[in-house]
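Inspection log for the structure reproduced underneath, given as structure tokens.
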Amino acid sequence: MSFPDAFAARYRERGHWTGARLGTLLGGAPSDVALVSGSERVTYGELDARASRLAAGLAALGISAGDNVVVHLPNSVDFVVLSFALFRLGARPVYALPAHRRSEIEYLLAHSSAVAYVIPDRHAGFDYRELAASMPGVPRVLVSGDPGNHTALSSVDAEPVELPVPEPSSVALFLLSGGTTGLPKLIPRTHDDYAYNLRASAEVAGLDSSTVYLAALPVAHNFALACPGVLGVLSVGGTVVLAPSPSPPDAFPLIERERVTVTALVPSLALLWMEAVKFAGRDLSSLALLQVGGAKLKEEAARRVTPALGCALQQVFGMAEGLLCFTRLDDPLELVVTSQGRPLSADDEIRVVDEDGDAVAPGELGQLLTRGPYTLRGYYRAEEHNARAFTADGFYLTGDLVRELPSGHLVVDGRVKDVINRGGEKVSAEEVENHLLAHPLVHDAALVGVPDDMLGERTCAFVLARGEAPTLAGIAAFLRERGVADYKLPDRLEVLPEFPYTAVGKVSKKELAARL
Ligand code: OOB
């Protein structure tokens with residue numbers, strides 16, 4: 001589903017959509033350093049040349065505009081080169097997270113009718129080649145690193161060729177939704193809308209060619225990819241330092257060595273960094289800005305960021321579906337620590353509504369609905385779900401409960417969607433419940449969020465047993481066997497004789513949560 005003509009015309013007229021294509025958004029001079037990964041330094045000239053050669057190589061394999069490719073790479077030079085190659089080809093990366101496993105990947109490959117699947121050899125102790133080999137019907141596999149029995153990504157190489165230029169209004173890539181029902185939905189992002197997303201984000205974060213950005217979170221996630229993330233930094237000619245993980249032992253030496261100026265974290269990692277910095281003995285003085293988002297940053301923690309890390313804080317409330325809210329660099333400190341920012345674009349439209357869909361009084365809590373120049377109009381191949389996820393006039397129902405301040409800033413305060421936000425990683429209750437129901441000892445299951453100081457929330461699986469009670473270890477092993485990503489495994493298990501029900505006969509998750 002694309003943007004209606006009248007809206008597209010408006011977004012062009014207002015200068016948001018410029019006709020830019022993502023494949024050409026490299027803002028540095030050829031000799032400037034674009035990427036740093038371990039001991040490797042890649043200049044803009046090299047990045048540009050490598051992307052062109054890879055695009056030509058992919059074209060020679062028969063991959064062309066409109067084809068979908070599942071990209072399952074960690075933070076690496078190949079991730080960036082491949083992304084630019086696909087953008088130039090008009091082929092569309094479907095960005096899976098490194099933590100995803102067989103259950104998620106099988107679904108993504110099938111649902112997107114992917115023509116190729118790109119993996120690392122090993123990452124974080126996991127062999128992705130074995131994962132690829134374990135899936136029947138997997139399309140062509142390309143491996144970054146040692147290919148084993150598959151094809152090496154490095155062998156996909158050809159003299160650059162003239163390629164048809166993609167339409168700016170066409171889909172450039174797919175992001176995954178945190179999932180409100182069952183498996184993740186695919187979010188189509190166009191060249192027009194995503195180019196605007198990253199350009200406006202770069203501006204609001206104050207980036208320029210002197211920026212050194214540490215990509216600590218997975219770059220397959222919208223936040224580290226384009227808010228402003230890797231793409232935003234490259235578009236203004238800055239340098240991206242790719243961290244293998246966001247842990248202080250990996251990240252701090254990189255900040256010190258490369259004089260990193262900006263990075264982005266989820267709240268649980270910000271808390272961890274604020275503790276670790278006391279004992280790390282590392283010089284983080286180059287850091288000027290820390291963006292925090294993905295889950296709610298508590299006010300008390302927000303107040304500690306600048307004293308602990310010596311940098312400014314920018315809260316980011318965003319979603320892969322589009323809408324991004326940022327606190328501004330010149331906002332008063334009180335707003336920066338107590339709100340989740342205000343919309344990025346003057347043309348982001350916001351509605352805060354009650355259960356009947358009617359606007360609440362100004363300042364009251366309600367569900368956030370939004371429409372705008374970089375917010376999707378429909379998920380990919382999900383007609384039925386789209387009918388529920390959008391209003392008739394195209395507003396997306398975020399599932400988040402917010403309060404709007406007179407300044408236009410939003411305070412996020414809960415949600416109506418059945419998703420548990422585990423330190424920024426979104427766990428769809430329905431998806432996990434479906435896996436639990438397949439367990440031979442589980443008669444019924446409900447997954448509920450439990451407040452947690454570090455992660456914000458953890459998960460608790462409530463189950464009704466079929467005879468013998470299952471154990472947490474048994475459940476975890478069973479879900480792993482089914483190929484479910486580790487972050488979705490329940491943190492806690494409670495076996496009950498029966499569930500509490502609501503008046504209409506639904507399992508009362510509210511009451512279950514209250515029992516913990
Ligand atoms: C980001 O994107 P997603 O798609 O993984 O998750 C979106 C959801 C939001 O609907 C909201 O429920 C929650 O994550 N969220 C926050 C938040 N930022 C995201 N809840 C409270 N406070 C915040 N600051 O998480 C994402 C995408 C782009 C930039 C930043 C985060």
Side-chain angles (χ1 to χ4, degrees), residues 95-97 99-100 173-180 184-187 189 193-194 197-198 200-202 204-205 215-232 262-270 290-299 301-302 305 313-327 335-344 348 350 365 367-370 374-376 379 389 396-403 409-429 449 455-457 485 487-488:
Y95 288 117
L97 296 171
H100 285 148
L173 57 105
F174 291 98
L175 299 174
L176 306 188
S177 78
T180 44
K185 302 275 177 298
L186 297 190
I187 298 162
R189 303 294 302 256
D193 95 64
Y194 217 49
N197 184 114
L198 65 93
S201 295
V204 91
L217 295 175
V219 295
H221 186 264
N222 193 27
F223 193 10
L225 185 61
C227 307
V230 173
L231 299 180
V262 188
T263 190
L265 295 175
V266 291
S268 53
L269 284 167
L290 175 66
Q291 297 185 299
V292 180
K296 172 88 175 246
L297 178 66
K298 295 204 181 73
E299 180 185 333
V305 168
L313 166 69
Q314 179 168 61
Q315 293 212 45
V316 187
F317 162 46
M319 52 203 74
E321 281 79 1
L323 179 71
L324 303 172
C325 297
F326 294 81
T327 57
L335 266 179
V336 173
V337 297
T338 57
S339 85
Q340 279 62 59
R342 64 178 168 83
L344 178 61
D348 282 321
I350 297 293
L365 192 68
Q367 186 185 177
L368 172 66
L369 274 48
T370 187
Y374 58 99
T375 294
L376 87 172
Y379 294 97
Y396 166 61
L397 281 65
T398 67
D400 291 312
L401 292 173
V402 304
R403 217 184 296 282
H409 288 65
L410 302 180
V411 177
V412 183
D413 194 4
R415 61 174 173 255
V416 292
K417 58 192 172 189
D418 202 0
V419 170
I420 296 143
N421 193 333
R422 194 177 179 280
E425 289 184 306
K426 314 305 185 305
V427 181
S428 154
L455 291 177
E457 283 183 292
Y487 70 86
K488 297 178 188 169

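Just so it is clear, the model here is predicted, and its values are computed rather than measured. The figures that follow rest on heavy atoms only: side chains count, while hydrogens, waters and symmetry mates do not. First listed ligand is number 1; within each ligand, the first listed atom is number 1.
Looking at residues two or more places apart in sequence or on another chain, you find no salt bridge (charged side-chain N to carboxylate O under 4.0 Å, His left out) involving Arg342. Here Glu425 pairs with nothing under the salt bridge (charged side-chain N to carboxylate O under 4.0 Å, His left out) rule; sequence neighbours left out. With sequence neighbours left out, His221 forms a side chain to side chain donor-acceptor pair (under 3.5 Å) with no residue at all.
Gln291 contributes no side-chain N or O that, together with a main-chain N or O of Gln314, makes up a donor-acceptor pair within less than 3.5 Å. In this structure a side-chain-to-backbone donor-acceptor pair under 3.5 Å is present from Gln340 to Val412.
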Between ligand 1 and the protein, which N/O pairs are shorter than 3.5 Å?
residue  : atom   : partner : partner atom : Å
ligand 1 : 4 (O)  : Ala320  : N            : 2.9
ligand 1 : 5 (O)  : His221  : NE2          : 2.8
ligand 1 : 5 (O)  : Lys426  : NZ           : 2.9
ligand 1 : 6 (O)  : Lys426  : NZ           : 3.0
ligand 1 : 10 (O) : Asp400  : OD2          : 2.5
ligand 1 : 10 (O) : Lys417  : NZ           : 2.7
ligand 1 : 12 (O) : Asp400  : OD1          : 2.6
ligand 1 : 12 (O) : Asp400  : OD2          : 3.4
ligand 1 : 12 (O) : Lys417  : NZ           : 3.3
ligand 1 : 14 (O) : Lys426  : NZ           : 3.4
ligand 1 : 15 (N) : Gly294  : O            : 3.4
ligand 1 : 18 (N) : Gly294  : N            : 3.0
ligand 1 : 22 (N) : Ala295  : O            : 3.4
ligand 1 : 22 (N) : Lys296  : N            : 3.4
ligand 1 : 24 (N) : Val316  : O            : 2.8
ligand 1 : 25 (O) : Lys426  : NZ           : 3.0

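Salt bridge Arg415/Glu457: present, at least one basic N to carboxylate O contact under 4.0 Å.
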